[in-house]
Amino acid sequence: EVQLVESGGGLVQAGGSLRLSCAASGFTFDGYAIGWFRQAPGKEREGVSCISSSDGSTYYADSVKGRFTISSYNAKNAVYLQMNSLKPEDTAVYYCAARPSTGLLFRLWVFWREYAYWGQGTQVTVSS
């Protein structure tokens with residue numbers, strides 16, 4: 001059974017940091033891309049970042065570039081999202097998701113409907 005489990009969310013003050021983890025089981029990362037998405041109340045789900053297990057390429061939403069860093073530890077089937085300089089507008093439920101990798105990942109990573117497997121989400125709340 002494929003499972004993705006997020007952890008590391010919580011409440012933090014603006015300017016603070018959190019590190020989210022995504023642990024996968026039931027499949028190996030080879031040939032997959034792992035994305036982080038977030039959804040705030042009343043808003044659309046949006047892509048935050050993505051990493052390809054094939055070549056380690058990483059992608060970020062403009063809103064988080066320079067503040068968030070995605071990394072993976074393939075041997076442990078784990079992906080991490082280091083979030084620094086957090087802002088109140090980063091408040092959302094954060095999800096990790098997996099999709100088959102593709103040469104067009106640079107363009108397609110943001111489309112959440114393309115991801116086959118999803119975690120249950122972890123809440124991130126940034127207070128001002």
Side-chain angles (χ1 to χ4, degrees):
E1 179 188 5
V2 173
Q3 276 194 321
L4 295 172
V5 179
E6 304 93 338
S7 61
L11 173 65
V12 65
Q13 287 189 330
S17 298
L18 284 174
R19 187 191 193 216
L20 304 185
S21 299
C22 173
S25 60
F27 74 107
T28 59
F29 278 179
D30 289 346
Y32 279 84
I34 307 298
W36 283 98
F37 292 81
R38 66 187 181 187
Q39 189 163 20
K43 293 191 176 181
E44 295 285 323
R45 187 172 300 187
E46 64 170 340
V48 175
S49 184
C50 180
I51 186 166
S52 169
S53 65
S54 301
D55 60 9
S57 297
T58 58
Y59 309 94
Y60 297 94
D62 287 344
S63 59
V64 306
K65 278 181 184 175
R67 300 188 298 123
F68 291 12
T69 303
I70 191 170
S71 60
S72 66
Y73 190 166
N74 287 356
K76 289 191 174 182
N77 257 22
V79 172
Y80 309 98
L81 186 69
Q82 178 67 42
M83 306 187 297
N84 298 329
S85 302
L86 283 161
K87 304 175 181 180
E89 51 263 45
D90 294 319
T91 295
V93 177
Y94 283 70
Y95 301 89
C96 67
R99 61 153 292 156
S101 194
T102 167
L104 296 176
L105 192 63
F106 70 97
R107 186 180 298 171
L108 301 179
W109 74 270
V110 293
F111 296 110
W112 63 268
R113 297 181 191 275
E114 299 290 322
Y115 289 74
Y117 307 119
W118 288 83
Q120 83 290 348
T122 186
Q123 176 70 46
V124 171
T125 303
V126 184
S127 63
S128 57

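Hydrogens, waters and symmetry mates are skipped; everything else that's a heavy atom, side chains included, is used.
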Quick one: disulfide (SG to SG under 2.5 Å) pairs with a partner in residues 53-89, sequence neighbours left out? none

V126: which residues meet the side chain to side chain contact (heavy atoms under 4.5 Å, CB included) condition with it, sequence neighbours left out? V12, A14, L86, P88, D90, T91, V124

Which residues satisfy the side chain to side chain contact (heavy atoms under 4.5 Å, CB included) test with S7, sequence neighbours excluded? S21

According to a 4.5 Å side-chain heavy-atom criterion applied to Ile, Leu, Val, Met, Phe, Trp and Tyr, with indirect links allowed, do L20 and W112 form part of one hydrophobic cluster? no

First locate atom OG of S128, then atom NZ of K87, and finally report the distance between them rounded to the nearest 0.5 Å. 14.0 Å

For Y117, all residues meeting side chain to side chain contact (heavy atoms under 4.5 Å, CB included), sequence neighbours excluded: V2, L4, Y32, A98

Write out all pairs satisfying disulfide (SG to SG under 2.5 Å) with one or both partners inside residues 99-128, taking only residues at least two apart or from two chains. none

By side chain to side chain contact (heavy atoms under 4.5 Å, CB included), L108 pairs with (sequence neighbours left out) R99, T102, L104, F111

Once disulfide (SG to SG under 2.5 Å) is applied, what residue pairs with a partner in residues 58-128 remain, sequence neighbours excluded? C22-C96

Could you list all the salt bridge (Lys or Arg N to Asp or Glu O under 4.0 Å) pairs where at least one residue sits in residues 4-18, not counting sequence neighbours? none

Looking at OG1 of T69 and CE of M83, how far apart are the two atoms once the value is rounded to the nearest 0.5 Å? 11.0 Å

In the hydrophobic cluster built from side-chain contacts under 4.5 Å, what are the other members alongside V5? none

Cluster check F37, L105: I/L/V/M/F/W/Y, side chain < 4.5 angstrom: yes

Can you see which heavy atom on W36 is nearest to which on V79, and at what distance? NE1-CG1, 3.6 Å

Quiz: residues 70-78 side-chain donor-acceptor pairs under 3.5 angstrom, not counting sequence neighbours:
unit_1 : atom_1 : unit_2 : atom_2 : d
S72    : OG     : N74    : OD1    : 3.3
N77    : OD1    : F29    : N      : 3.4
N77    : ND2    : F27    : O      : 2.5

Y80: partners by ring-ring contact (aromatic ring centres under 6.0 Å, His included), with sequence neighbours left out: none

Would you check if there is a donor-acceptor pair between the side chains of N84 and S17 at a distance under 3.5 Å? yes

Find the distance between OG1 (T122) and CG (L18) and round it off to the nearest 0.5 Å. 8.5 Å

Distance-only donor-acceptor pairs under 3.5 Å for side chains of residues 41-52, two or more places apart:
unit_1 : atom_1 : unit_2 : atom_2 : d
R45    : NE     : Q39    : OE1    : 3.4
R45    : NH2    : Q39    : OE1    : 3.4
E46    : OE2    : R38    : NE     : 2.6
E46    : OE2    : R38    : NH2    : 3.2
S49    : OG     : Y59    : O      : 2.8
S52    : OG     : S54    : N      : 3.1
S52    : OG     : D55    : OD1    : 3.4
S52    : OG     : S101   : OG     : 3.4

Is the distance between the ring centroids of Y115 and Y95 under 6.0 Å? no

